[in-house]
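One structure below.
Order of the sequence lines sets the chain letters (A, B, ...), proteins ahead of strands, with each chain counted from 1. Note that this is a predicted model, so its numbers are computed, not measured.
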There are 2 protein chains.
Amino acid sequence: MMSRKDAAARLALTEPVEDYLKAIYELETRHGVAATSDVATALAVAPASVTGMIRRLAMHGYLDHVPYRGVQLTDDGRRAALRTIRRHRILESYLTSVLGYPWDRVHDEAERLEHAASDELIERLAVALGHPTQDPHGAPIPTVDGTVDERPHRTLADLAIGERARMVQVSDKNPQLLRYLAEIALQPGTAVTMIAKAPFGGPLTLRIGTADAMVGPSLAEQVRVEPVTDARTVPPRARKSTTG
Amino acid sequence: MMSRKDAAARLALTEPVEDYLKAIYELETRHGVAATSDVATALAVAPASVTGMIRRLAMHGYLDHVPYRGVQLTDDGRRAALRTIRRHRILESYLTSVLGYPWDRVHDEAERLEHAASDELIERLAVALGHPTQDPHGAPIPTVDGTVDERPHRTLADLAIGERARMVQVSDKNPQLLRYLAEIALQPGTAVTMIAKAPFGGPLTLRIGTADAMVGPSLAEQVRVEPVTDARTVPPRARKSTTG
DNA sequence: GAGGAAAGTTAGGCGAGCCTAAATTGCAAA
DNA sequence: TTTGCAATTTAGGCTCGCCTAACTTTCCTC
Ligand SMILES: [Mn+2]
Ligand SMILES: [Mn+2]
Ligand SMILES: [Mn+2]
Ligand SMILES: [Mn+2]
């Protein structure tokens with residue numbers, strides 16, 4: 001009998017392998033499960049290709065797979081995924097903070113460098129940045145030993161009229177959205193107040209600093225916020241100086 | 001009839017492809033020709049694998065191949081090779097100058113990053129460094145448009161007794177050698193005088209600054225120098241502050 | 001000029017990652 | 001409960017980049 005591994009050589013953590021594990025981790029944390037077709041969409045490959053890779057990853061102990069029922073990361077799988085995510089987010093931070101990259105263009109660069117950089121390089125970057133805890137888009141950076149603070153957040157769309165909040169995070173995968181957010185000065189750490197909500201999926205009016213901005217509901221759903229109880233703008237933890 | 005390309009899709013500049021072109025370029029400039037077996041040694045692959053890749057590179061116009069007679073880079077091939085070499089050397093420079101990497105460990109890191117970094121990143125690094133013209137090992141950095149100043153150099157072993165020279169370059173591929181050179185403070189830009197040469201391949205005595213060092217002839221052959229006519233130590237062009 | 005060694009190429013094969021087309025399974029609606 | 005559709009897996013096939021073993025060519029030596 002055999003179930004996993006056996007005589008097989010250890011699976012090489014190639015670029016595709018790392019990207020699959022990362023995608024499965026992200027789907028699992030966001031939606032509870034990682035469906036084959038969702039992984040396929042995320043990685044822009046055919047569903048059949050995902051099935052093949054899942055078989056290989058399961059064989060090597062990175063995930064548990066019940067055919068037709070779904071997939072679940074093992075501890076090894078989660079560890080490997082978080083390692084890649086840490087690399088990705090530290091790279092994004094360095095590119096923006098030190099090299100002046102605009103925050104809408106760091107993702108693609110980090111997507112490739114995350115596989116090529118050595119552990120030593122990543123830790124040198126982390127040191128140069130003073131061990132950052134969030135990336136430029138507000139995503140938490142896993143520690144070396146694989147701890148992350150992935151708190152669930154409300155979105156801008158959830159804010160009641162008059163409610164005040166601090167922007168905490170936005171997906172890094174939509175450059176157009178990121179450019180627009182930069183335009184209206186809405187970045188992690190920024191305080192924002194819901195001024196008005198037009199009915200039937202109409203635009204929302206926000207106050208950001210002294211200016212007002214109108215945004216659509218689909219944008220508002222992608223921006224994660226943390227309600228602010230008192231009038232203070234400064235976040236409870238470290239303040240970040242993002243972008244330029 | 002067909003000779004090259006035809007219906008074939010454009011060759012992807014993958015990591016192996018870029019490394020082959022780079023290796024062929026380096027052998028061609030150092031020895032005039034790039035022998036199949038030398039490429040195989042340089043890349044640690046079997047000679048048969050080299051033949052296969054050569055076929056593919058020739059088919060796509062990156063080199064001219066006469067079976068059993070050798071290989072020659074075309075303009076396209078040289079351009080692609082120099083692009084990778086520029087990336088490699090800028091990365092090495094950045095890793096040492098900015099991130100404090102020791103010069104004996106930058107090569108391996110650059111060997112992988114050179115394929116993953118975008119043009120934009122490389123040029124940002126170049127700007128941050130003030131457009132360096134040499135890498136930490138003294139190798140000239142090709143310009144964006146593919147110009148290099150690959151002058152032939154004498155080696156330390158060629159120096160006559162009493163002759164004074166400036167160290168200009170050393171191969172980046174031997175970490176042990178690099179560590180030893182750092183130990184005796186022999187780096188690009190350093191002035192060195194030949195004090196004595198023991199006969200029959202015996203050790204050479206060098207004066208570096210105020211200290212003397214004894215080195216073997218095989219080391220001396222790997223260190224490239226430029227004779228200094230007057231007593232000045234400052235090189236004719238830009239002075240480099242290498243390593244730390 | 002004839003061997004023979006060394007260099008190079010060809011033949012055949014393998015795994016990784018991808019694809020399309022054809023099953024198969026699960027689920028939800030009729 | 002049947003049926004139909006969507007999701008998933010299987011089957012078969014492709015390219016890339018590598019391997020070993022067997023061959024051909026070159027070139028050096030006698
Ligand atoms: Mn990203
Ligand atoms: Mn990636
Ligand atoms: Mn190097
Ligand atoms: Mn390389």
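Distance A:Tyr68 OH to C:dT25 P: 6 Å, rounded to the nearest Å. We find that CG of B:Leu57 is positioned 11 Å from P of D:dC16, with the value rounded to whole Å. C:dG8 atom P lies 14 Å from atom CG of B:Leu63, rounded to whole Å. In this structure, B:Leu13 atom CG and D:dC16 atom P are separated by 13 Å, rounded to whole Å. Regarding B:Met53, its CE atom lies at a distance of 15 Å from the P atom of D:dT15, rounded to whole Å. Nucleotide C:dG15 holds its P atom 12 Å from the CZ atom of A:Arg55, rounded to whole Å. The interatomic distance linking B:His60 (NE2) with D:dT15 (C1') rounds to 11 Å, in whole Å. Between the CG atom of A:Leu11 and the C1' atom of C:dG15 there is a distance of 12 Å, given to the nearest Å.
Position along DNA chain C of the nearest nucleotide to A:Ala46 versus B:Ala34 favours B:Ala34 as the more 5'-ward residue. Toward the 5′ end of DNA chain C lies the nearest nucleotide of B:Val66, the other residue of the pair B:Val66 and A:Pro67 mapping further downstream.
Proximity of B:Leu13 to B:Tyr62: side-chain heavy atoms (C-beta onward) are separated by under 4.5 Å at one or more points. Side-chain contact between A:Met53 and A:Ser49 is absent, with no heavy atoms from C-beta onward closer than 4.5 Å. Counting heavy atoms from C-beta on, the side chains of B:Glu18 and B:Thr14 never come closer than 4.5 Å.
Distances shown here put every side-chain N or O of A:Thr14 at or beyond 4.0 Å from the OP1 or OP2 atom of C:dA16. Contact annotation: B:His65 reaches the phosphate of C:dT9 (side-chain N/O to OP1 or OP2, under 4.0 Å). Contact annotation: A:Ser37 side-chain N/O to D:dA6 OP1/OP2 distance is not under 4.0 Å. Proximity of B:Tyr20 to the phosphate of D:dC16: no side-chain N or O atom is located under 4.0 Å from OP1 or OP2. The side chain of A:Ser49 places an N or O atom within less than 4.0 Å of a non-bridging phosphate oxygen (OP1 or OP2) of C:dC19.
B:His137 and B:Trp103 have parallel rings, their planes meeting at less than 30° on a 0 to 90° scale where 60° marks the start of perpendicular.
Contact annotation for B:Ala35: backbone-only contact, meaning every heavy-atom pair under 4.0 Å involves sugar-phosphate atoms and none involves a base. In this structure, A:Thr51 reaches the bases: a heavy-atom distance under 4.0 Å links it to at least one base atom across the strands shown.
Looking only at atom types and distance, the side chain of B:His60 has no donor-acceptor partner in the side chain of B:Asp76 under 3.5 Å away.
When distances run from any side-chain atom of A:Arg69 to the nucleotides C:dC27, D:dA11, D:dC18, the shortest one goes to C:dC27.
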